[in-house]
Chemist: 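Before anything else, here's the structure in question.
Each chain gets a letter, A, B and so on, in the order its sequence line appears, and its residues count up from 1.
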Amino acid sequence: MSLDSTEETFTESDEERTTESSAPSRLEEEGDVAADYLEELLDIADIDGDIDIEVRNGRTYISIVADDDDPALKALVGRDGEVLEALQELTRLSVLSATENRSRLVLDITGYRAERGGDLRRIAEDAVEQVREGADRVALAPMSAYERKIVHDAVAELGFVSESEGEGSGRHIVVSAAE
Amino acid sequence: MLAEALEHLVRGIVDSPEDVKVSVKSNRRGETLEVRVHQDDLGRVIGRQGRTARALRTVVAALADGEPVRVDVVDTDRRR
């Protein structure tokens, strides 16, 4: 029932799948390369921020956090996380260049993704509610592959079906009842 | 700072970081940062459908704090 939702991964839009050699050491190296790349950028731009690296579920998570709400760090998130996505992409490329491994690392800044994750789960719950109340299919706004993955997972958890439709920047999720 | 930041961002994603040069041109409409890289790295810096160049512009614009900045990737082979 939820097969559709698990098929879609972060990799569908922009990367080929990495070979399944996700040895912890490779992911740690990936985290180190990425952290160096970001740390020097923060240095040059004179932005305060701590960089945390975490490896879990075969993926490297990097987060930049600051003690207070630094507007400069907020600028690196950008509207709708636009700058964050760009910086994540460049960071992945820096790992590719240094290690020749295609990276699927996830970058977060000031907890933007974590917070957005909560929003996305609410969006999923609202859509499911509409289907429960009789809507045939509920189309959501376009989202990045990463965000769609969060919504797919949330919808599947609630026992409903979601599929991605549309191309490129118009790719969005449609929620419907389970068959 | 912007030129230095851009240079760092580009150096980290190419095969020949020593060949990365960023120069700054100013005119009335603001600054233009010109990026030059080894010919073999040009594809990497531009990316598929200009994706990487776009990411570089997005990050530089964020660091520029509202000031207008252009980022041009210069194909030195085609210049005469």
Side-chain angles (χ1 to χ4, degrees), chain A residues 11 13-16 30 32-49 62 64 70-103 105 107 109-110 112 144-145 167-169, chain B residues 1-24 30-75:
Chain A
T11 58
S13 70
D14 45 325
E15 303 127 65
E16 290 90 67
E30 181 176 312
D32 288 341
V33 170
D36 285 349
Y37 185 67
L38 292 164
E39 189 149 29
E40 191 165 342
L41 178 69
L42 294 181
D43 269 359
I44 292 168
D46 200 21
I47 299 173
D48 283 329
I62 306 221
I64 307 179
D70 188 343
L73 216 45
K74 284 263 190 294
L76 285 185
V77 174
R79 196 191 304 158
D80 295 335
E82 178 197 34
V83 183
L84 175 61
E85 294 295 338
L87 198 51
Q88 173 176 286
E89 181 157 348
L90 294 172
T91 307
R92 286 177 171 186
L93 290 174
S94 79
V95 173
L96 176 65
S97 162
T99 67
E100 300 192 345
N101 284 319
R102 218 164 262 283
S103 169
L105 70 84
L107 174 66
I109 299 179
T110 65
Y112 173 83
S144 68
E167 295 301 324
S169 61
Chain B
M1 176 279 271
L2 286 180
E4 199 187 340
L6 179 59
E7 195 169 279
H8 166 67
L9 288 173
V10 175
R11 281 204 169 132
I13 63 169
V14 296
D15 281 336
S16 309
E18 66 282 0
D19 289 338
V20 175
K21 288 191 182 63
V22 176
S23 51
V24 186
E31 282 188 344
T32 299
L33 303 179
E34 290 187 347
V35 184
R36 287 177 176 76
V37 298
H38 192 283
Q39 190 65 22
D40 296 344
D41 282 327
L42 209 50
R44 283 204 157 183
V45 174
I46 293 167
R48 208 192 324 158
Q49 293 170 343
R51 206 184 151 98
T52 307
R54 194 158 58 240
L56 289 167
R57 287 189 183 105
T58 301
V59 173
V60 168
L63 293 172
D65 202 21
E67 298 292 315
V69 188
R70 274 183 62 105
V71 174
D72 285 346
V73 179
V74 181
D75 186 346

Chemist: To the closest 0.5 Å, what do you measure between CD1 (A:Ile44) and CD (B:Glu4)?
Modeler: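 Between atom CD1 of A:Ile44 and atom CD of B:Glu4 there are 4.5 Å.
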Chemist: Measure across B:Val14 and A:Ser97 and return the closest heavy-atom pair with its distance rounded to 0.1 Å.
Modeler: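 Distance-wise, the nearest heavy atoms are O-OG, 3.1 Å.
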Chemist: At a heavy-atom separation under 4.5 Å, does B:Leu2 approach chain A through its side chain, its backbone, both, or neither?
Modeler: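 For B:Leu2, neither part sits under 4.5 Å from chain A.
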Chemist: A quick test of your reading: do over 12 heavy atoms of other residues, nucleotides or ligands sit less than 6.0 Å from CG of B:Asp19?
Modeler: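 Enclosed: over 12 neighbouring heavy atoms sit under 6.0 Å from CG of B:Asp19.
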Chemist: Evaluate whether atom CG of A:Asp43 has more than 12 neighbouring non-hydrogen atoms of other residues, nucleotides or ligands under 6.0 angstrom away.
Modeler: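 Buried by this count: over 12 neighbours within 6.0 Å.
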Chemist: Hey, could you give me the OG1/CG distance between B:Thr58 and A:Leu84, rounded to the nearest 0.5 Å?
Modeler: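 Rounded to the nearest 0.5 Å, the OG1-CG separation comes to 11.5 Å.
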Chemist: Of all heavy-atom pairs between B:Ile13 and A:Leu90, which one has the smallest distance, and what is that distance?
Modeler: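 The pair with the smallest heavy-atom distance is CG2-O, 3.6 Å.
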Chemist: With a 4.5 angstrom heavy-atom cut-off, is it the side chain or the backbone of A:Ala98 that approaches chain B, or both, or neither?
Modeler: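 When you check distances to chain B, no heavy atom of A:Ala98 falls under 4.5 Å.
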Chemist: About how many Å separate OG of A:Ser94 and NE2 of B:His8, when rounded to the nearest 0.5 Å?
Modeler: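 So the NE2 of B:His8 and the OG of A:Ser94 are separated by 7.5 Å.
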Chemist: Assess whether atom CZ of B:Arg44 is packed by more than 12 heavy atoms of other residues, nucleotides or ligands within 6.0 Å.
Modeler: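 Atom CZ in B:Arg44 is crowded, with more than 12 foreign heavy atoms closer than 6.0 Å.
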Chemist: Do other residues, nucleotides or ligands put more than 12 heavy atoms under 6.0 Å from the CD atom of B:Glu18?
Modeler: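 More than 12 heavy atoms, drawn from other residues, nucleotides or ligands, come within 6.0 Å of this atom.
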Chemist: Ignoring hydrogens and angles, tell me if any N or O in the side chain of A:Tyr37 forms a donor-acceptor pair with the backbone of B:Gly12 under 3.5 Å.
Modeler: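 Flag not set: sc A:Tyr37 to bb B:Gly12 has no pair under 3.5 Å.
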Chemist: At a heavy-atom distance under 4.5 Å, which candidate from B:Ala55, B:Ala61, B:Gly47 has the highest pair count against chain A?
Modeler: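 Of B:Ala55, B:Ala61, B:Gly47, B:Ala55 has the most heavy-atom pairs under 4.5 Å with chain A.
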Chemist: To the nearest 0.5 Å, what is the distance between CG on B:Leu9 and OG1 on A:Thr91?
Modeler: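 Going from the CG atom of B:Leu9 to the OG1 atom of A:Thr91 covers 8.0 Å.
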Chemist: Flag the one option from A:Leu87, A:Leu38, A:Val95 with the top tally of heavy-atom pairs under 4.5 Å to chain B.
Modeler: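 Greatest number of close heavy-atom pairs with chain B: A:Leu87.
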Chemist: Taking all atoms of both residues into account, what is the closest heavy-atom pair of B:Ala62 and A:Ala75, and its distance?
Modeler: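 Between these two residues, the closest heavy atoms are CB-O, 3.5 Å.
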Chemist: Quick one: CD1 on A:Ile47 to CE on B:Met1, what's the gap to the nearest 0.5 Å?
Modeler: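 Here the rounded value is 6.5 Å.
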Chemist: State the CZ-OG1 distance between A:Arg92 and B:Thr52, to the nearest 0.5 angstrom.
Modeler: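 Nearest 0.5 Å value for the CZ-OG1 distance: 12.5 Å.
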